[in-house]
Amino acid sequence: MIYFDNSATTQAAPEVVSTYDTVSQRIWGNPSSLHQFGEQAFNLLEQSRKQIADLLGASQSEILFTSGGTEGDNWVVKGTAIEKREFGNHLITTAVEHPAIHNSMEQLKQLGFEVTYLPVDEHGRISIEDLKQAIRPTTILVSVMAVNNEIGTIQPLKEVAEVLKDHPKIHFHIDAVQGIGKGIQDLIMNDRVDFVTFSGHKFHAPRGIGFIYARRGRKIAPLLTGGGQERNLRSGTENLPAIAAMAKALRLLLTDEQQKVALQAQIKERIFNHVKDFPLVTTFSEVNDGFAPHILCFAIQGVRGETIVHAFEEQGIYISTTSACSSKKHLASSTLTAMQVPEDVSTSAIRISLDDHNTLAEADQFNQVFDQLYDKFKVLSA
Ligand SMILES: Cc1ncc(COP(=O)(O)O)c(C=O)c1O
């Protein structure tokens, strides 16, 4: 079995599952309780928060736990809109964001907010000139993803940060769900960013857990109100086993990060170099510093993405059409659409997404299977 769908989700690591089990069984108190079980749970909660903060070069108070990437994205977008509505009603994002951002923006539009979607070039990348021109006196948020989940483009985050230094009141948010552990932490945790979204299940933590980084002094309104957990910003009894497990998963992810990233880049390159010259293949991801090391997206002209995915699955290789969200709905990739790729090509696209458990031998096996399947694809395409 070869699992090349790590951008959809990753398998929880055994050490991480073990932490989850231990905490569930032994530290089952509610962190808000006054007695010793509560205190024990509270201490572990804060210890996990500190571990995560230290790994990211942040302060403990700047880490707020969520249920995952979707909640983090919704929270920053809508929480900014609620918090800053007296200062303005304009938000800026890109045309290639995950639906967690896009649909939050669309919901705000229905409430009277104005949204600018920055267009992208043929690599899925925004232009800094477009950003400069889009900023208005009423702009309250700029939200830009670190790594595109469908084709792996890295956005020019440092340049966005530079522009926003001249606009200190605008909240700058980065969706780093696909960017963490991929060798670009300096771009993500830059000196201007205010909010960053992270999701545990993309780095071997359990599903349903995540966190945001929120720069000290920057405010967003809570979306979940209630008992006042997370400093009154996100109510709900904390998911302590998953939080402790996520802290461990993040530590494992960032240990020897550069070596792991280099291996993923080699695997991606080996497959890229193999498939790119086949006449039916159109590649969208590239092998250079402008793209993440773990995502490779290409189309096989005339063959539907689902057909390609199932053909590989029959050979024990698990890949996806461009994103897990769009695949079951049979939607064309929103990123490729924004890149002006014609629909008959974008519906033939597939995504390979790697992580630190994949090997070069798997790349070789993929390439062999690709060669075998290509003859079938030629027939289908004709
Ligand atoms: C870029 C990006 N943002 C947000 C999300 C949503 O994260 P979650 O699955 O944790 O809700 C995803 C998930 O694929 C993603 O790729």
Side-chain angles (χ1 to χ4, degrees), residues 3-12 16 52 64-79 93-107 117-118 120 124-126 141 143-155 157 173-182 184 187-188 193 195-213 223-224 234 239 242-243 245-246 249-250 253 285 291-297 318-329 331 333-336 338 349 351-355:
Y3 186 73
F4 276 168
D5 196 14
N6 292 284
S7 288
T9 199
T10 58
Q11 187 180 20
V16 169
I52 292 173
L64 297 164
F65 295 114
T66 65
S67 63
T70 298
E71 183 187 329
D73 283 349
N74 271 261
W75 187 8
V76 176
V77 172
K78 296 175 195 173
T93 189
T94 81
V96 293
E97 295 297 309
H98 187 272
I101 292 288
H102 181 88
N103 293 343
S104 297
M105 295 284 179
E106 288 296 300
Q107 219 181 344
Y117 291 105
L118 299 173
V120 293
R125 197 166 291 118
I126 57 165
L141 175 72
S143 180
V144 179
M145 71 200 323
V147 169
N148 178 265
N149 52 309
E150 301 191 277
I151 70 164
T153 313
I154 300 175
Q155 294 297 347
L157 301 174
H173 170 239
I174 294 177
D175 173 343
V177 169
Q178 299 288 348
I180 184 71
K182 302 301 176 187
I184 55 165
L187 297 185
I188 294 168
V193 72
F195 298 94
V196 187
T197 301
F198 299 93
S199 171
H201 75 105
K202 307 293 185 182
F203 55 87
H204 303 284
R207 272 156 277 195
I209 193 69
F211 65 95
I212 62 166
Y213 160 81
L223 297 189
L224 302 185
R234 200 263 185 190
N239 186 353
I243 288 170
M246 177 169 66
L250 189 63
L253 176 80
S285 315
F291 285 82
H294 66 300
I295 296 179
L296 175 60
C297 178
Y318 296 86
I319 57 172
S320 79
T321 54
T322 49
S323 76
C325 312
S326 63
S327 51
K328 280 206 169 159
K329 298 186 195 119
L331 295 173
S333 146
S334 54
T335 302
L336 297 181
R351 176 185 71 182
I352 290 168
S353 51
L354 310 167
D355 86 344

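Everything quoted here is computed from the prediction, not taken from an experiment. Atoms within a ligand are numbered from 1 in the order they appear, just like the ligands themselves.
Counting only heavy atoms from C-beta outward, the side chains of Ile52 and Phe65 approach each other to under 4.5 Å. No side-chain heavy atom of Phe195 sits under 4.5 Å from any side-chain heavy atom of Ile174. For the pair Ile180 and Leu250, the minimum side-chain heavy-atom distance is below 4.5 Å.
Residue-level proximity to ligand 1 for Arg207 is absent, since no heavy atom of it falls below 4.0 angstrom. Within the 4.0 Å heavy-atom criterion, neither part of Asn148 lies near ligand 1. Contacts of Thr70 with ligand 1, taken as heavy-atom pairs under 4.0 Å, involve both backbone and side chain.
In this structure, a donor-acceptor pair under 3.5 Å is present between the side chains of Glu150 and Thr322. No side-chain donor from either of Thr197 and Asp175 sits under 3.5 Å from a side-chain acceptor of the other. Inspection of the His204 and Asp355 side chains reveals an N or O donor paired with an N or O acceptor under 3.5 Å.
For ligand 1 and Gly68, the ligand atoms under 4.0 Å from any heavy atom of the residue are 10 (O). When each atom of ligand 1 is checked for a heavy atom of Asp73 under 4.0 Å away, the hits are 3 (N), 4 (C). Listed by number with element, the atoms of ligand 1 under 4.0 Å from a non-hydrogen atom of Ser199 are 8 (P), 10 (O). Less than 4.0 angstrom separates some heavy atom of Lys202 from each of these atoms of ligand 1: 13 (C), 14 (O).
A cation-pi contact, defined as under 6.0 Å to the ring centre and within 45° of the axis, links Arg125 to Phe291.
Residue contact annotation: Glu71 has no non-hydrogen atom under 4.0 Å from ligand 1.
Considering backbone and side-chain N/O atoms, Gly69 comes within less than 3.5 Å of an N/O atom of ligand 1.
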